[in-house]
**Q** 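Quick one: the structure is below, questions incoming.
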Amino acid sequence: MKIWVDADACPVVIKEIIFRVAERLKIATTLVANSPIRIPKSEYIHMLQVGKGFDVADDEIVRLLEAGDLVITSDIPLAADVLEKDAYALSVRGEMFSSGTIKAKLNVRDFMETMRASGLQTGGSAALNQADRQAFANQLDSLLTKILK
């Protein structure tokens, strides 16, 4: 099992949690991004820089991942692609994406995108807070415990 991180938009505090988990559990972890990202020296943590462009990092993650891998992303279309490959998708706020809910999330995302395109100011996501960080850490720990048994 490997961990893949959609790293361009992943908050630093979440990356730090991922780094600690990768080291502690000795799990190969790759951060995929369009620009260089600092990572600690580790035999388990790697950075893969891809070319610039829309969804280039997402497409590379989907190409490289295997069934049973974990992808950390808040990108709903990427999460849908991950689930189609029988892998796990976890948001940076600790939400597990599932095949039972992903279509509804895609529909809401598309609706909000249409509203923004028509000029409606929808605001962005709320800033990541301590509860979000804790939810992510707890869900990651719970999932890895289940997978690695």
Side-chain angles (χ1 to χ4, degrees), residues 1-25 27-37 39 44-117 120 122-149:
M1 181 227 172
K2 295 178 183 171
I3 297 175
W4 300 92
V5 182
D6 183 10
D8 283 317
C10 185
V12 171
V13 294
I14 299 301
K15 289 177 197 160
E16 290 169 357
I17 293 168
I18 296 166
F19 296 155
R20 288 192 299 270
V21 166
E23 281 296 314
R24 186 180 82 233
L25 298 177
I27 297 175
T29 300
T30 303
L31 286 79
V32 182
N34 300 114
S35 54
I37 292 181
I39 60 170
Y44 304 106
I45 302 168
H46 309 281
M47 198 285 156
L48 174 60
Q49 185 175 347
V50 296
K52 303 271 186 227
F54 189 69
D55 287 341
V56 174
D58 298 356
D59 293 343
E60 189 67 2
I61 290 170
V62 172
R63 186 180 76 78
L64 294 171
L65 77 90
E66 297 177 2
D69 285 354
L70 168 62
V71 176
I72 297 170
T73 185
S74 291
D75 183 301
I76 295 169
L78 173 56
D81 291 342
V82 168
L83 293 172
E84 284 183 16
K85 289 192 78 173
D86 292 324
Y88 300 93
L90 175 63
S91 83
V92 298
R93 294 181 186 271
E95 178 184 8
M96 284 299 304
F97 293 101
S98 72
S99 56
T101 61
I102 197 69
K103 285 192 191 279
K105 290 186 181 308
L106 283 167
N107 288 337
V108 169
R109 176 199 169 273
D110 292 344
F111 174 73
M112 295 305 288
E113 197 168 277
T114 301
M115 297 301 286
R116 284 189 294 275
L120 182 67
T122 59
S125 298
L128 202 68
N129 61 34
Q130 182 60 37
D132 295 325
R133 291 190 290 269
Q134 190 62 52
F136 174 80
N138 289 344
Q139 189 68 266
L140 180 62
D141 185 58
S142 174
L143 178 64
L144 292 176
T145 299
K146 180 178 108 180
I147 293 171
L148 298 175
K149 278 189 172 184

**Q** Is a donor on one side and an acceptor on the other found under 3.5 Å between the side chain of K85 and the backbone of V62?
**A**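 Yes: the side chain of K85 pairs with the backbone of V62.
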**Q** Taking the side chain as C-beta and beyond, is there a heavy-atom pair between P77 and D58 under 4.5 Å?
**A**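 Not touching, per the 4.5 Å side-chain cut-off.
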**Q** State whether the side chain of N138 and the backbone N or O of A135 hold a donor-acceptor pair below 3.5 Å, judged by distance alone.
**A** no
**Q** Is the closest side-chain heavy-atom distance between E16 and V12 below 4.5 Å?
**A** yes
**Q** Going by atom types alone, do T101 and S98 pair a side-chain donor with an acceptor below 3.5 Å?
**A**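 The criterion, which ignores hydrogens and geometry beyond distance, is satisfied for S98 and T101.
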**Q** Can you tell me how far apart CZ (F136) and CG (L128) are? Round to the nearest 0.5 Å.
**A**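 Result: 9.5 Å between the selected atoms.
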**Q** Begin from the C-alpha positions of V92 and R133 and carry the test side-chain contact (heavy atoms from CB on, under 4.5 Å) through to its verdict.
**A** CA-CA 8 Å; V92 298; R133 291 190 290 269; over 6 Å; no
**Q** Is there a donor-acceptor pair under 3.5 Å between the side chain of D75 and the backbone N or O of L78?
**A**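 Looks like yes, one N/O pair under 3.5 Å.
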**Q** Taking all heavy atoms of D132 and all of A127, pick out the closest pair and write down the distance.
**A**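 Of all heavy-atom pairs spanning D132 and A127, the closest is OD2-O, 3.8 Å.
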**Q** Starting from the C-alpha separation in whole Å, work towards a yes-or-no answer on salt bridge (charged side-chain N to carboxylate O under 4.0 Å, His left out) for D141 and R24.
**A** CA-CA 11 Å; D141 185 58; R24 186 180 82 233; 3.4 Å; yes
**Q** Using side chain to side chain contact (heavy atoms under 4.5 Å, CB included) as the criterion, point out the one residue from V71, D81, I72 that pairs with I61.
**A**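 Exactly one option meets the side chain to side chain contact (heavy atoms under 4.5 Å, CB included) with I61, and it is V71.
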**Q** Which residue in the set L143, L65, I27, V5 passes side chain to side chain contact (heavy atoms under 4.5 Å, CB included) when paired with L70?
**A**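 By the side chain to side chain contact (heavy atoms under 4.5 Å, CB included) criterion, L70 pairs with just one of L143, L65, I27, V5: L143.
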**Q** Could you state the interatomic distance from NZ (K52) to CG (D8), rounded to the nearest 0.5 Å?
**A** 7.5 Å
**Q** Begin with the C-alpha distance, continue with both residues' side-chain angles, and end with the deciding distance and a verdict on side-chain contact (heavy atoms from CB on, under 4.5 Å) for T73 and W4.
**A** CA-CA 9 Å; T73 185; W4 300 92; over 6 Å; no
**Q** Is the closest side-chain heavy-atom distance between L90 and E95 below 4.5 Å?
**A** no
**Q** Can you name the closest pair of heavy atoms from A57 and N34 and give their distance?
**A** N-ND2, 4.3 Å
**Q** Please determine which of I18, D6, L48, I45 meets the side chain to side chain contact (heavy atoms under 4.5 Å, CB included) test together with L31.
**A** I45
**Q** Just how far is it from atom NZ of K2 to atom CG of D69, taken to the nearest 0.5 Å?
**A**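 If I round to the nearest 0.5 Å, the distance is 6.5 Å.
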**Q** What are the two closest heavy atoms between Y88 and V82, and how far apart are they?
**A** O-CG1, 3.3 Å
**Q** Can you name the closest pair of heavy atoms from M47 and A33 and give their distance?
**A** CE-CB, 3.6 Å
**Q** Looking only at heavy atoms, what is the nearest atom pair of A7 and I37, with distance?
**A** CB-CD1, 3.4 Å
**Q** Would you check if E23 and Y44 make a side-chain contact, meaning some heavy-atom pair closer than 4.5 Å?
**A** yes
